[in-house]
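Since the structure comes first, as structure tokens, the remarks are kept for the end.
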Amino acid sequence: MNIRMIFLAAALWLPGAAMAGDVFRWVDEFGQIVYGSEVPERYRHRAEPANAPLPPGTSACAARWHRYLASAACFDQYRVVGGGLKPEAYRRCTEVPQPDPCG
């Protein structure tokens, strides 16, 4: 099953230094998987830590995208004005290269 995942960088930016363990994933009203450090109130009942096991049957490609999007959400917590990153981002987040599209 090919799951289209989205990532909304503007919604994920969080001032301060949240820990990498504070990244969550949830499914929005359009069926899209969203990653972020702040879960909107309406999704809190179905949000889970981004590092929670993926559902059975998740394809290898979808799993690679999951790891990439969770990594990007972690790094977004440490963005500064101008697009740079705070140094602690590299201690708390794991860099994951962008995978190829699922096909």
Side-chain angles (χ1 to χ4, degrees):
M1 179 173 169
N2 188 1
I3 300 174
R4 184 176 153 226
M5 297 182 223
I6 62 171
F7 180 71
L8 303 173
L12 299 178
W13 184 80
L14 174 70
M19 295 296 290
D22 293 330
V23 176
F24 299 93
R25 72 174 181 244
W26 63 93
V27 178
D28 70 10
E29 68 270 15
F30 304 107
Q32 303 300 306
I33 298 173
V34 181
Y35 293 81
S37 57
E38 290 187 19
V39 181
E41 182 66 38
R42 67 182 179 268
Y43 302 121
R44 287 194 182 145
H45 68 283
R46 55 182 148 172
E48 59 187 0
N51 61 356
L54 295 171
T58 300
S59 71
C61 184
R64 286 191 295 274
W65 274 97
H66 158 76
R67 287 189 297 274
Y68 169 73
L69 293 171
S71 170
C74 181
F75 277 100
D76 272 351
Q77 298 175 77
Y78 302 100
R79 296 231 181 263
V80 296
V81 175
L85 289 169
K86 294 178 183 177
E88 62 264 25
Y90 295 98
R91 291 190 303 270
R92 296 184 176 158
C93 303
T94 302
E95 286 187 85
V96 176
Q98 182 174 349
D100 292 327
C102 297

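Within the 4.5 Å cutoff, the side chain of Gln98 has heavy atoms near those of the Trp65 side chain. Side-chain contact between Pro40 and Trp26: present, with at least one pair of heavy atoms (C-beta onward) separated by less than 4.5 Å. When side chains are defined from C-beta on, Val27 does not count as touching Gln32, because their heavy atoms never get closer than 4.5 Å.
Summarising the geometry of Arg46 relative to Asp28, their closest heavy-atom pair is NH1-O, 4.4 Å, with the distance given to 0.1 Å. The two residues Tyr35 and Ala73 come nearest to each other via the heavy atoms CB-CB, 3.9 Å. The two residues Ala62 and Cys102 make their nearest non-hydrogen contact at N-SG, 3.9 Å.
Between His66 and the options Ile33, Val96, Leu54, Asn51, a side chain to side chain contact (heavy atoms under 4.5 Å, CB included) holds for only Leu54.
Rounded to the nearest 0.5 angstrom, Leu69 CG and Cys74 SG are separated by 13.0 Å. In this structure, Arg92 CZ and Lys86 NZ are separated by 9.5 Å, a value rounded to the nearest 0.5 Å. To the nearest 0.5 Å, the span separating OH on Tyr78 from SG on Cys93 amounts to 5.0 Å.
Aromatic pair Phe75/Tyr90: ring centres closer than 6.0 Å.
Looking at residues two or more places apart in sequence or on another chain, you find a side chain to side chain contact (heavy atoms under 4.5 Å, CB included) between Arg64 and Ala60, Cys61, Arg67, Pro99. In this structure Glu95 satisfies the salt bridge (Lys or Arg N to Asp or Glu O under 4.0 Å) test with no other residue, sequence neighbours excluded. The side chain to side chain contact (heavy atoms under 4.5 Å, CB included) check on Arg44 picks up Val39, Glu41, with sequence neighbours excluded.
Between the Ser71 side chain and the Thr94 main chain, a donor and an acceptor come within less than 3.5 Å of each other.
The salt bridge (charged side-chain N to carboxylate O under 4.0 Å, His left out) pairs that include a residue from residues 47-59 are Arg25-Glu48, where partners are two or more places apart or lie in different chains.
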